[in-house]
Amino acid sequence: MSNKQTIYGTAFVLVAAGIAVWAYQAFLKPAGSCTDGMRNQGEEKADCGGPCTPCEIVELQPLRVTKEPNVLTSAGGNVALFEVLNPNRDYAARSAPYSLKIFESGGRMIEEVAGELSVPSLRRALVLERGVKTFSKSIARIEFSVGEPRWERSFSALFPSLSLSSGPFSVASGTTIRVSGSVKNDGSADASGIEIIAVVSDQYGKELYASRSVLSSVPASSVRDFSVAFPADALLARLIDPGNTRVVIQAE
C-alpha cells in the first residue's frame with residue numbers, strides 16, 4: 001500500500017469517527033439528568049447543585065424513628081403513638097408522608113393508615129394518630145415508614161422555646177380523666193398552633209392512652225394554661241396512675 005493510500009485511509013477513518021461522534025452527541029447521547037450519577041449539566045456535584053436539588057438538601061440526613069408505633073385502645077377508640085427525630089440543623093422537615101401497616105398474627109395486613117408529619121430542625125415530634133380502627137389486642141405487628149419531606153430552611157434562634165410552667169396535674173373522677181397545667185414560652189418568637197399531647201400510664205409505667213388539645217398561641221415571654229380531656233372510660237380512669245402522666249408540647 002502506498003503512502004498516499006495510507007494517508008487517504010487514515011483520513012477517511014478520522015472523518016468517519018468524527019461523524020459518528022457528532023451523531024452520538026447530537027442524536028444518541030442521553031440528555032443529562034439529576035439522577036444519572038454524573039456531573040454533566042452544570043451541577044456543583046454529581047446530581048446536585050446547579051439545575052438540580054441543592055447539594056445541602058441532598059446531603060441532609062433522613063428522619064429517624066425514635067419511638068416505634070404503639071396502638072392504645074380505650075372506650076374512646078384507638079390511637080397510635082410514635083416519635084420521629086429530625087437530626088438536621090437549620091432545616092425543618094415539612095409534610096413528610098407516613099404509613100402504618102397493621103398485621104394480624106397470621107401475617108395478613110388488616111389495615112393501613114397514612115398521614116403527614118412535620119418536624120422542626122434538631123427536634124423530635126410525637127405523633128398521635130386517631131385514624132386506627134383495629135383494636136390493640138388484634139395486632140401482631142406494625143410496619144412504619146416515613147417518606148421524603150419538603151425541606152424548609154429555618155433558623156433555630158427564631159424558634160419559640162416551650163416548656164411546662166406547672167403540672168401536669170392528672171385527675172380521674174368517675175369515667176373522666178383530665179390533665180392540666182401551664183405552658184411558658186421563653187423564646188424570642190411567638191408560638192402558634194401549639195399541640196399538647198398527654199399520655200397516661202398505669203403504676204408500672206405502661207402507657208394506657210393518649211389525648212391532645214391545641215392552644216392557638218403562646219406569645220414570647222408569656223404563660224398559658226392548658227387542659228387535655230380524655231374520652232369517658234371508667235376502666236381507664238381506675239387504672240391510671242396520676243404520677244405517671246407524660247405531657248409533650250410542640251409547636252408548628
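Only a predicted model underlies this, so the values are computations on that prediction, with no experimental measurement involved.
Tested against Val247, the residues Ile196, Val183, Val199 include a single side-chain contact (heavy atoms from CB on, under 4.5 Å) partner, Ile196.
Residues forming a side-chain contact (heavy atoms from CB on, under 4.5 Å) with Thr176 (at least two apart in sequence, or on another chain): Ser173. Under the rule for a side-chain contact (heavy atoms from CB on, under 4.5 Å), the partners of Glu195 that lie at least two apart in sequence or sit in another chain are Ile197, Arg212, Gln250. Every residue meeting the side-chain contact (heavy atoms from CB on, under 4.5 Å) condition with Asp241, not counting sequence neighbours, appears here in chain and number order: Gln203, Asn244. Remark: Glu104 pairs with Arg108, Ile110 by the side-chain contact (heavy atoms from CB on, under 4.5 Å) rule, at least two apart or across chains.
Annotation: side chain of Leu126 is in contact with side chain of Arg246 (closest heavy-atom distance under 4.5 Å). Side-chain contact between Glu112 and Ser99: present, with at least one pair of heavy atoms (C-beta onward) separated by less than 4.5 Å. Glu207 has its side chain within reach of Ser201: a pair of non-hydrogen atoms, C-beta onward, lies under 4.5 Å apart. The shortest side-chain heavy-atom distance between Val79 and Val132 does not fall under the 4.5 Å cut-off. Residues Asn78 and Leu72 form no side-chain contact, since every pair of their non-hydrogen atoms from C-beta on lies 4.5 Å or further apart.
Using modelled atom types, no side-chain atom of Ser105 and backbone atom of Ala140 make a donor-acceptor pair closer than 3.5 Å. At least one donor-acceptor pair under 3.5 Å links the side chain of Tyr209 to the backbone N or O of Gly77. Looking at Asn86, its side chain never comes within 3.5 Å of a backbone N or O of Arg123 through a donor-acceptor pair. In this structure, Ser182 contributes its side chain and Ser166 its backbone to a donor-acceptor pair below 3.5 Å. With hydrogens and angles disregarded, no donor-acceptor distance shorter than 3.5 Å links the side chain of Ser161 to the backbone of Asn185. Judged by distance alone, the side chain of Thr175 and the main-chain N or O of Asp233 form no donor-acceptor pair under 3.5 Å. The backbone N or O of Leu81 sits nowhere less than 3.5 Å from a side-chain atom of Asn70 that would complete a donor-acceptor pair.
Ion pairing of Glu83 with Arg64 is absent here, as no side-chain N (NZ or NE/NH1/NH2) approaches a carboxylate O to less than 4.0 Å. Ion pairing between a basic and an acidic side chain is recognised when a charged N comes within 4.0 Å of a carboxylate O; Glu116 and Arg150 show no such pairing.
With 2.5 angstrom as the limit on SG-SG distance, Cys34 and Cys48 do not come in below it.
For the residue pair Phe230 and Ala198, the shortest heavy atom distance occurs at CZ-O, 3.4 Å. Closest heavy-atom contact between Pro149 and Leu63: CG-CD1, 4.4 Å. Contact detail for Ala92 and Ser154: the closest heavy-atom pair is N-OG, 3.6 Å. The heavy-atom pair separating Trp151 from Glu148 by the smallest distance is NE1-OE2, 2.8 Å. Nearest heavy atom pair, residue Pro69 against residue Leu100, reads CG-CD2, 3.6 Å. The heavy-atom pair separating Asp186 from Ser163 by the smallest distance is OD2-OG, 4.4 Å.
Between the CZ atom of Phe169 and the OG atom of Ser180 there is a distance of 6.5 Å, given to the nearest 0.5 Å. Put simply, CG on Leu122 and CG on Asp90 are 7.5 Å apart, with the number rounded to the nearest 0.5 Å. Note that OG of Ser165 and CD1 of Ile249 are 9.5 Å apart. Values are rounded to the nearest 0.5 Å. Within the model, atoms CG of Leu85 and CD of Gln61 stand 8.5 Å from one another, a figure rounded to the nearest 0.5 Å. Glu56 contributes atom CD, which lies 9.5 Å from atom CG of Asn88 (distance to the nearest 0.5 angstrom). Interatomic distance, OG of Ser145 versus NZ of Lys101, reported as 6.5 Å (0.5 Å rounding).
There is a path of hydrophobic side-chain contacts, each under 4.5 Å, that joins Ile139 to Phe82. No single ILVMFWY cluster, assembled from side-chain heavy atoms under 4.5 Å apart, contains both Val119 and Leu162. Linking ILVMFWY residues whenever their side-chain heavy atoms come closer than 4.5 Å, directly or via other members, places Ile177 and Val248 in the same cluster. Side-chain heavy atoms closer than 4.5 Å link hydrophobic residues (I, L, V, M, F, W, Y) into clusters, and following such links, possibly through other members, connects Leu164 to Leu215. Connection of Val65 to Leu117 is established within a shared hydrophobic cluster, with ILVMFWY side chains joined at heavy-atom distances below 4.5 Å, either directly or through further cluster members.
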Problem set entry | Chi angles and distances behind the side-chain contact (heavy atoms from CB on, under 4.5 Å) call for Tyr91, Glu152 | CA-CA 5 Å; Tyr91 273 94; Glu152 182 178 286; 5.9 Å; no
For this session: List the steps, then state whether salt bridge (Lys or Arg N to Asp or Glu O under 4.0 Å) holds for Glu68 with Arg141.
Result: CA-CA 11 Å; Glu68 293 293 337; Arg141 63 185 175 90; over 6 Å; no
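For residues 124-136, the pairs satisfying side chain to side chain donor-acceptor pair (under 3.5 Å) are Thr73-Ser136, Tyr98-Glu129, Glu111-Thr134, with sequence neighbours left out. Applying the salt bridge (charged side-chain N to carboxylate O under 4.0 Å, His left out) test to every pair with at least one member in residues 220-232, sequence neighbours left out, gives no pairs at all.
Within a 6.0 Å sphere centred on NZ of Lys45, other residues, nucleotides and ligands contribute 12 heavy atoms or fewer.
A donor-acceptor contact closer than 3.5 angstrom is absent between the side chains of Ser217 and Ser192.
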